[in-house]
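Take a look at the structure set out below.
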There are 2 protein chains.
Amino acid sequence: MDLINRISSEQSQFSKSERKVAALILHEPEQAIHRSIASLAALAEVSEPTVNRFCRRLGCKGYPDFKLQLAQSLAQGTPFVNRDIEENDNVDQITQKIFDSTLNALSIARQSLDSRPIAATVEAMVSARKIAFFGFGASASVAHDAQNKFARFDTPSVFSDDPLVQRMWAINSEPNDVLVCISHTGRTKALCEIAAIAHDNKATVIGITAPNSPLSENCQFTVSTNVPEDTDQYMPMASRIAQLVLIDAIIAGYTLQRGPKFREKLARVKEGLKGSRYSKQTTTK
Amino acid sequence: MDLINRISSEQSQFSKSERKVAALILHEPEQAIHRSIASLAALAEVSEPTVNRFCRRLGCKGYPDFKLQLAQSLAQGTPFVNRDIEENDNVDQITQKIFDSTLNALSIARQSLDSRPIAATVEAMVSARKIAFFGFGASASVAHDAQNKFARFDTPSVFSDDPLVQRMWAINSEPNDVLVCISHTGRTKALCEIAAIAHDNKATVIGITAPNSPLSENCQFTVSTNVPEDTDQYMPMASRIAQLVLIDAIIAGYTLQRGPKFREKLARVKEGLKGSRYSKQTTTK
DNA sequence: AGTCTAAATGTAGTAAAGTTACAAAAACAA
DNA sequence: TTGTTTTTGTAACTTTACTACATTTAGACT
């Protein structure tokens with residue numbers, strides 16, 4: 001754990017004078033790192049050796065080492081701790097906290113990724129005849145996004161959040177067709193049914209969902225993001241962001257695997273989209 | 001800029017002996033912070049004052065200050081630098097890089113947010129009669145996501161990526177109706193037209209888009225995310241993630257502003273959704 | 001309550017680290 | 001080459017941190 005957090009959590013282990021030092025540092029850590037041991041001791045109204053002992057108790061070699069670690073701890077900023085939103089936070093605080101939580105979740109998700117199913121997904125998609133992205137609720141927009149990206153490619157792809165459309169697609173699916181099922185919980189009944197149908201038809205069913213879930217049992221393989229408990233209790237937030245980034249990674253892998261000729265095509269698609277936009281010159285201030 | 005980068009970029013300004021010091025530090029910065037000025041000088045085969053002068057040239061107050069800043073610079077880790085994907089990266093590398101770039105972009109976006117238009121958006125939404133989320137292409141899925149969240153609320157809301165549907169809505173819009181236009185570039189012609197129509201009808205038009213863009217000129221106010229140049233040259237990636245998180249923040253603000261009674265309602269909605277899922281007990285692994 | 005013991009805190013001296021002033025050496029220009 | 005400027009190092013000095021020991025304080029036991 002990082003030094004600042006340790007100071008606040010191990011307060012009980014400190015002696016009375018040491019707690020004075022701890023309080024001072026927690027109150028204004030920024031200034032502490034620019035003070036000498038003498039001036040810090042004076043400010044805390046304790047003696048210099050007390051400060052030194054305080055540092056040692058935290059496992060530092062001495063005061064300079066403590067300053068170094070404190071500086072590092074501070075440099076990490078507020079290290080994207082999952083900060084809960086409170087009743088009377090203002091909009092700025094809420095925004096910062098939501099961003100922090102998301103950054104935190106993404107950072108954790110990144111560390112706990114298993115690249116094998118991702119590689120397998122890229123592989124399956126490169127050789128797919130057609131690809132479908134299905135999901136409901138919040139996952140529908142994730143599926144929507146994924147399909148949107150694939151619309152730039154030459155492999156036919158569809159998105160749907162309509163159970164009947166999904167069912168029809170699943171019934172008509174064949175080997176070499178890829179079905180990507182997106183669900184945070186992996187427990188959405190309707191989606192499990194669709195996955196089962198496609199699976200029976202020997203289509204490649206890929207789950208972007210929770211491992212060991214009912215949905216993942218109907219999938220050839222499952223790509224999952226290990227996201228910490230979602231900030232908002234009422235709707236998925238960070239988890240779907242992680243799914244989106246995961247899909248970005250899959251797409252990047254796909255694009256690369258397809259080779260340089262393919263990227264030329266993409267450039268042409270991009271060029272073609274320009275007609276739908278106002279050109280940059282037109283921008284009047 | 002951060003200290004390590006400055007050392008490597010300002011090398012030309014250093015004298016010969018100072019360059020020795022710079023080389024040593026760049027080579028193994030970790031060990032440098034644990035050395036005294038004497039031992040560092042010996043290792044670099046220069047005198048102590050040379051090291052001290054080196055520190056001052058970088059704007060530090062002295063050697064201890066330099067160590068502090070160096071430590072902070074290191075603590076930020078590889079601060080999610082925008083790492084470009086290369087031809088023969090494997091899937092794991094690609095995934096890590098995509099996550100890194102996204103984290104980097106989000107982190108920058110967080111720092112450069114202006115909370116005023118966000119607060120205004122929350123305000124407008126709380127008192128809205130109905131809310132629409134419109135966007136095309138990649139922004140369509142962002143709008144889709146936003147509407148999905150609002151579907152849990154009691155204010156009527158719609159999403160559309162159909163220009164005709166959008167136009168009809170805009171024509172029928174009135175004061176107190178909110179239209180959220182989402183576009184990364186702010187130059188999508190079709191969306192600008194819709195925004196203009198709604199604007200003429202005195203609806204509250206909010207842009208989640210680039211500032212000073214054609215779209216933003218038809219918006220009452222614009223919420224923008226300052227995202228660094230997108231990683232992927234062919235499609236927006238990080239930018240839309242930032243937009244999504246921004247929308248999360250707006251929704252969190254909205255939920256809070258509506259008060260505790262409202263959150264009871266949300267809990268009921270959540271409870272009601274359970275029927276669509278397999279319960280946790282059912283999970284036979 | 002009083003005394004003993006152990007822990008906590010402070011004092012003062014010492015060692016180490018960093019800084020300054022100045023002199024020597026090197027690089028450059030005329 | 002010689003004078004000038006810049007760079008580098010030496011040595012004295014100041015500041016900072018640490019150690020050993022003395023004092024105080026708090027707690028335990030009679």
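Every chain is numbered from 1 and lettered A, B, ... according to where its sequence line falls, protein lines coming before strand lines. Excluded from the calculations below are hydrogen atoms, water molecules and symmetry mates; all remaining heavy atoms, backbone and side chain alike, are included.
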Report which part of the nucleic acid B/Arg56 touches: base, sugar-phosphate, or nothing (heavy-atom distance under 4.0 Å, all strands).
sugar-phosphate
Between B/Ser17 and D/dT7, is there a contact of a side-chain N or O with OP1 or OP2 at under 4.0 Å?
no
Evaluate whether atom CD of A/Gln31 has more than 12 neighbouring non-hydrogen atoms of other residues, nucleotides or ligands under 6.0 angstrom away.
yes
Closest to side chain of B/Pro49, choosing from D/dT16, D/dG9, D/dA20:
D/dG9
B/Glu48 CD to D/dT7 P: how many Å, rounded?
21 Å
Distance test, side-chain N/O of A/Lys16 to OP1/OP2 of D/dA26, below 4.0 Å
yes
From CD1 of A/Ile37 across to C1' of C/dA15 the rounded distance in Å is 14 Å
In whole Å, I'd like the distance from the CG atom of B/Asp65 to the C1' atom of D/dT15.
16 Å
Measure from NZ on A/Lys20 to P on D/dT25 and round the result to the nearest Å.
12 Å
Is the shortest side-chain N/O distance from A/Thr50 to OP1 or OP2 of C/dG10 below 4.0 Å?
yes
What's the OH-C1' distance between A/Tyr63 and D/dT15, to the nearest Å?
14 Å
What is the separation between atom CZ on A/Arg53 and atom P on C/dA8, rounded to the nearest whole Å?
10 Å
Would you confirm whether the ring centroid of B/Phe66 sits within less than 6.0 angstrom of the ring centroid of B/Phe54?
yes
Nearest whole Å is fine: how far is C/dT9 P from A/Arg57 CZ?
9 Å
Would B/Ile33 and A/Gln72 satisfy side-chain contact (heavy atoms from CB on, under 4.5 Å), going step by step from the backbone distance to the final call?
CA-CA 11 Å; B/Ile33 61 173; A/Gln72 295 206 322; 3.7 Å; yes
Rounded to the nearest 0.5 Å, how far apart are CD1 of A/Ile94 and CZ of A/Phe99?
13.0 Å
Measure CD/B/Glu45 against P/D/dT8 and give the value in whole Å, please.
14 Å
So, OP1 or OP2 of D/dA17: does either fall under 4.0 Å of a side-chain N or O from A/Asn52?
no
Just N and O in the side chain of B/Ser47: are any of them under 4.0 Å from OP1 or OP2 of D/dT10?
no
CD (A/Glu45) with more than 12 external heavy atoms under 6.0 Å
no
